[in-house]
Every structure is written in C-alpha cells, then in structure tokens.
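Single-structure report; data block below.
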Amino acid sequence: MEPKMSLEEHQSRKGKTYKLLLIFAMISILMIFAGLTSAYVVSKSRPDWLSDFVLPSAFVISTVVILASSITFYLAYKSMRNDDRNKTTLFLWATLLLGFAFVFFQFKGFGQVIENGYFFTGSESSITTSFLYIVVIVHLLHLLGGFLSLFVVIYNHYKQKYNPTQTLGIELSAMYWHFMDFIWLYLFLFFYFYK
C-alpha cells in the first residue's frame with residue numbers, strides 16, 4: 001500500500017501540474033504569434049507593402065508600460081513571499097493599472113496610425129497595417145486572460161488565500177503576465193526592425 005502524501009507534497013505536485021499545463025498553453029500561444037509573424041514576412045513581397053511605415057509613438061510608450069507592469073507583478077510576488085500584505089496589495093493594483101495603461105496606449109497607437117493616413121481595413125488599407133492591427137488585437141485578446149487571472153489573484157489576496165508558503169495563484173498569474181509581456185516585446189521589436 002502506498003504511503004499517504006503530506007499536504008505539502010500534495011500542494012507541490014498540484015503546483016507542478018498547473019505550471020506544466022500553463023507552459024503547454026503558452027507554447028500554443030507562441031506558435032500562433034510565430035505563424036502570424038511568418039505570414040507577415042511572406043507578405044512583404046506584395047505590391048501594397050509599406051516599406052516606409054513607422055510604428056506610432058504610443059506603441060513605444062505601451063512597451064515601457066507593460067515592462068513596468070512585469071516589474072510590479074514580480075514585486076507583488078516577492079512581497080507576498082516576505083509576508084508584506086500591504087506592499088503586495090500596492091504592487092498588484094499597480095500591475096492592474098499599468099495593464100490598463102498598456103491597453104489605452106495600444107488603442108492610442110491605432111489612432112495615430114489612422115491620423116497618419118493609414119487604415120487597417122477597406123480600400124485604403126494596406127497589408128502592412130492590416131497585419132499590425134490583427135497581431136495587436138490577437139495579443140490584446142490573449143492579454144485578457146492575464147487580466148482575468150490578475151482579478152482572481154487580487155480577489156484571493158483580499159480573501160487572504162495567499163501566504164509566504166502558498167503563492168501558487170500569484171506565481172501562475174505572474175508567469176502568464178510575464179509571458180504576454182515577452183510576446184509584446186518580441187512583436188514590437190519585430191515590427192520596429194522588420195520593414
């Protein structure tokens with residue numbers, strides 16, 4: 001007969017399972033963006049390709065904002081590990097606000113593209129701007145999962161479900177958030193340097 005697992009062993013095994021599932025999900029998401037950027041590269045030979053297209057300045061700001069949100073999420077996790085609930089609260093809310101700021105600047109970037117006379121759809125659009133629009137929207141849709149998990153983390157934090165030895169929810173949410181930040185950084189650099 002197998003010996004019973006202790007609570008710590010059970011929690012550890014459960015944590016490893018959840019992290020493995022999240023890694024598989026992130027690999028799937030990565031493949032989606034690899035496919036989209038590959039299609040972008042192939043489309044460069046089209047006659048309506050805009051070789052002089054410049055990314056809007058709001059996308060630069062949004063990149064700085066989302067990188068800052070990764071830092072605040074990491075600090076929230078570290079604060080919980082140090083049993084500092086006040087700092088955890090502060091950094092979780094800062095992460096959420098920075099996430100909203102990121103979305104704001106993404107849409108501001110769309111506005112700047114249109115102000116510069118480029119359109120995403122219709123007869124006046126080009127493949128360059130249409131791809132930019134699709135890729136950014138797909139990223140924002142995936143980031144929605146990050147927002148949902150962050151709301152759950154904040155709720156559970158107020159319900160005091162986390163402590164220095166039980167941070168699995170924060171870890172999983174932070175892993176996904178950092179991953180989405182990495183994806184945006186990759187996309188931003190790709191669009192910035194690949195013309």
Side-chain angles (χ1 to χ4, degrees), residues 19 22-77 91 94-150 171-195:
K19 285 178 185 175
L22 180 58
I23 289 168
F24 283 133
M26 291 188 303
I27 290 169
S28 299
I29 292 168
L30 187 62
M31 291 178 78
I32 290 169
F33 286 102
L36 285 170
T37 51
S38 296
Y40 185 87
V41 170
V42 170
S43 298
K44 190 175 179 183
S45 62
R46 288 178 49 128
D48 61 344
W49 185 264
L50 301 174
S51 57
D52 60 341
F53 180 75
V54 178
L55 280 179
S57 60
F59 280 12
V60 176
I61 297 168
S62 71
T63 303
V64 172
V65 167
I66 202 163
L67 291 174
S69 76
S70 259
I71 294 169
T72 56
F73 213 149
Y74 172 76
L75 292 172
Y77 168 73
F91 290 128
T95 303
L96 184 63
L97 291 174
L98 287 167
F100 286 141
F102 171 78
V103 173
F104 170 79
F105 282 110
Q106 293 282 279
F107 282 101
K108 188 169 177 60
F110 285 156
Q112 288 176 343
V113 170
I114 293 168
E115 285 169 16
N116 290 333
Y118 300 111
F119 297 91
F120 301 107
T121 60
S123 59
E124 296 179 6
S125 68
S126 77
I127 191 69
T128 312
T129 53
S130 294
F131 257 113
L132 176 70
Y133 180 73
I134 290 166
V135 169
V136 171
I137 291 297
V138 170
H139 178 263
L140 287 173
L141 289 174
H142 282 94
L143 188 61
L144 182 61
F147 277 111
L148 292 175
S149 72
L150 185 53
E171 286 178 64
L172 293 171
S173 184
M175 272 177 69
Y176 185 75
W177 193 268
H178 296 322
F179 172 72
M180 291 313 297
D181 291 3
F182 164 77
I183 290 287
W184 173 252
L185 185 60
Y186 158 70
L187 293 171
F188 174 78
L189 294 173
F190 176 81
F191 283 122
Y192 188 83
F193 289 109
Y194 191 83
K195 304 212 186 236

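Because only heavy atoms are used, hydrogens play no part in the values below, and waters and symmetry mates are left out as well, while side chains stay in.
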Say you draw a straight line from [atom1] of [X] to [atom2] of [Y]; how long is it, rounded to the nearest 0.5 Å?
| X | Y | atom1 | atom2 | answer |
| --- | --- | --- | --- | --- |
| I32 | I27 | CD1 | CD1 | 12.5 Å |
| F191 | L132 | CZ | CG | 5.0 Å |
| I66 | F182 | CD1 | CZ | 12.5 Å |
| L141 | I29 | CG | CD1 | 11.0 Å |
| I114 | T129 | CD1 | OG1 | 9.5 Å |

Can you confirm whether [X] sits close enough to [Y] that some side-chain heavy atom of one is under 4.5 Å from a side-chain heavy atom of the other?
| X | Y | result |
| --- | --- | --- |
| D181 | S69 | yes |
| F73 | L98 | no |
| L22 | K19 | no |
| L143 | W184 | no |
| F105 | T63 | no |
| L96 | F147 | yes |
| V60 | Y192 | no |
| F104 | V65 | no |

Enumerate the side-chain hydrogen bond (donor to acceptor under 3.5 Å, both in side chains) contacts for [range], please, sequence neighbours excluded, ordered by first and then second residue.
| range | answer |
| --- | --- |
| residues 135-147 | none |
| residues 109-120 | S57-Q112 |
| residues 94-109 | S62-Q106, T72-T95 |

How would you list, by chain and number, every residue that makes a side-chain contact (heavy atoms from CB on, under 4.5 Å) with [X], sequence neighbours excluded?
| X | value |
| --- | --- |
| F110 | F59, F107, F120, Y133, V136, I137 |
| I71 | L75 |
| L189 | L185, F193 |

Short side-chain to backbone donor-acceptor contact, T128 and L50, under 3.5 Å: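 Between the backbone of L50 and the side chain of T128 there is a qualifying donor-acceptor contact (under 3.5 Å).
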Side chain to side chain contact (heavy atoms under 4.5 Å, CB included) assessment of Y186 paired with T37: CA-CA 10 Å; Y186 158 70; T37 51; 2.8 Å; yes
Shortest non-hydrogen contact between S149 and S173, atoms and distance: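 The pair with the smallest heavy-atom distance is OG-OG, 2.8 Å.
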Near-ring test F91/Y74, centroid separation under 6.0 angstrom: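 Centroid distance Y74-F91: not below 6.0 Å, so no.
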Test log, rule side chain to side chain contact (heavy atoms under 4.5 Å, CB included), inputs K44 and V41: CA-CA 5 Å; K44 190 175 179 183; V41 170; 5.8 Å; no
